[in-house]
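Just the heavy atoms: all of them, side chains too, but no hydrogens, waters or symmetry mates, feed the values below. Remember, it's a predicted structure, so these values are computed and weren't measured experimentally.
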Amino acid sequence: MHVSRPQEHGELSLDDVRQCVLEMVIAAPDTLSISLFFMLVLLKQNPEVEQDVVQEMHSVLGVREVDTADLQKLKVMESFIKECLRFHPVVDFIMRRALEDDCIEGYKVAKGTNIILNIGRMHKTEFFPKPNQFNLENFDANVPSRFFQPFGCGPRACVGKHIAMVMMKAILVTLLSRYTVCPRPGCTVSTIRQTNNLSQQPVEENPQSLTMRFIPRTALGQHDTAHPVQGQ
């Protein structure tokens, strides 16, 4: 009697499921928190974007708390998140192994070769209207996955990518509806020293280098923003 294995039907084995759960429980909080940190820095560097994001939240939510159904209506917020992941991907390279001999644009790739995909470089191609600028116009049109892969692509893509998008939206809406965030003066994405150990992590050079102030919006006026930090 032949007992078929899940892999023979393209299904997940028990070990596959365990690995997916471990990735979401252990790896996800780290990359999610770092991504949110850089998003807040980029938001403060681009005050007009913060204004648009807050205005959209006010239009969709009014004064009530956010509901799950509201998240899909926040198109400016979604473009902001995607542009942050494009402009400064926390995981900026991934590795794949060739399963068969292949030829990619004239380059012969032998079976078993490890291939490094430079996500950061991929996100700065001429496909985007303003590839080297932080600009939400880069997502005015639908972007094919071959140009935008913050979570990888295909069967080996991040298993928690949809959950991550929902969590990032919910956290940002909850935070930005109450506060405007101010990094220390001079703190920008380009000035923060980073290490790259599977993900780009900010280095705390001194106890104050990565601190942020959370200023209640009621102290500024509901849609006002504090002074921006210049530079990218």
N114: partners by side-chain hydrogen bond (donor to acceptor under 3.5 Å, both in side chains), with sequence neighbours left out: R97
Going from CG on L61 to NZ on K73, what distance comes out if it is rounded to the nearest 0.5 angstrom? 9.0 Å
Separation between CD1 of I215 and OG1 of T180, rounded to the nearest 0.5 Å: 6.5 Å
The test is side-chain contact (heavy atoms from CB on, under 4.5 Å); show your working for F38 and I192 and say whether it passes. CA-CA 10 Å; F38 283 115; I192 298 171; 4.1 Å; yes
Is a donor on one side and an acceptor on the other found under 3.5 Å between the side chain of R184 and the backbone of T211? no
Sidechain-backbone polar pair: N46 side chain, V49 backbone, donor-acceptor under 3.5 Å: no
If you round to the nearest 0.5 Å, how far is CG of D92 from CD of Q149? 13.0 Å
Could you pull out all residues at least two apart from R193 that satisfy side-chain hydrogen bond (donor to acceptor under 3.5 Å, both in side chains)? E205
Do you know which two heavy atoms are closest between A98 and I115, and how far apart they sit? CB-CD1, 4.3 Å
Closest heavy-atom contact between C187 and S209? SG-O, 4.1 Å
Do M122 and I104 belong to the same hydrophobic cluster, where Ile, Leu, Val, Met, Phe, Trp and Tyr are linked whenever their side-chain heavy atoms lie under 4.5 Å apart, directly or via other members? yes
Closest non-hydrogen atom pair between V181 and M212, with its separation: CG1-SD, 3.4 Å
Result block: side-chain N/O donor-acceptor pairs under 3.5 angstrom for residues 84-91, not counting sequence neighbours:
| from | atom 1 | to | atom 2 | distance (Å) |
| --- | --- | --- | --- | --- |
| R86 | NE | E83 | OE1 | 2.8 |
| R86 | NE | E83 | OE2 | 3.4 |
| R86 | NH1 | H123 | O | 2.8 |
| R86 | NH1 | P131 | O | 2.7 |
| R86 | NH2 | E83 | OE2 | 2.8 |
| R86 | NH2 | P131 | O | 3.4 |
| R86 | NH2 | Q133 | O | 2.8 |
| H88 | NE2 | Q194 | OE1 | 3.1 |

Is any side-chain heavy atom of L210 closer than 4.5 Å to one of F37? yes
Compare all side-chain heavy atoms of F214 with those of L175 and state whether any distance is below 4.5 angstrom. yes
Hey, are the side chains of P150 and I119 touching, using non-hydrogen atoms and a 4.5 Å cut-off? no
For T191 and G186, which heavy atoms make the closest approach, and how far apart are they? OG1-O, 2.9 Å
Neighbour count above 12 (heavy atom, 6.0 Å) for R213 CZ: no
How long is the gap from CG on L32 to CE on M168, to the nearest 0.5 Å? 6.0 Å
For F127, what residues pass the ring pair (Phe, Tyr, Trp, His ring centres under 6.0 Å) criterion, not counting sequence neighbours? F147
Smallest heavy-atom separation, V173 atom then L74 atom, equals CG2-CD1, 3.4 Å
Salt bridge (Lys or Arg N to Asp or Glu O under 4.0 Å) contacts in which one or both residues fall within residues 53-68, not counting sequence neighbours: R64-D70, E65-R178
CG of L136 to CG of D52: how many Å apart, nearest 0.5 Å? 7.5 Å
Residues P202 and I34: closest non-hydrogen pair is CD-CG2, 4.0 Å
Do the non-hydrogen side-chain atoms of Q45 and F134 ever get within less than 4.5 Å of each other? no
List in chain and number order the residues that pass salt bridge (charged side-chain N to carboxylate O under 4.0 Å, His left out) with K130, two or more places apart in sequence or in another chain; answer none if no residue qualifies. E137
What about F93 and M95, same hydrophobic cluster or not, with Ile/Leu/Val/Met/Phe/Trp/Tyr joined at side-chain heavy-atom distances under 4.5 Å? yes
What I'd like to find out is whether the side chain of F139 reaches to under 4.5 Å of the side chain of F80, using heavy atoms alone. no
Count the heavy atoms of every other residue, nucleotide or ligand shown that sit under 6.0 Å from OH of Y179, and state whether that count exceeds 12. no
Separation between CD of E126 and CG of N132, rounded to the nearest 0.5 Å: 10.5 Å
Is there a donor-acceptor pair under 3.5 Å between the side chain of R217 and the backbone N or O of L176? yes
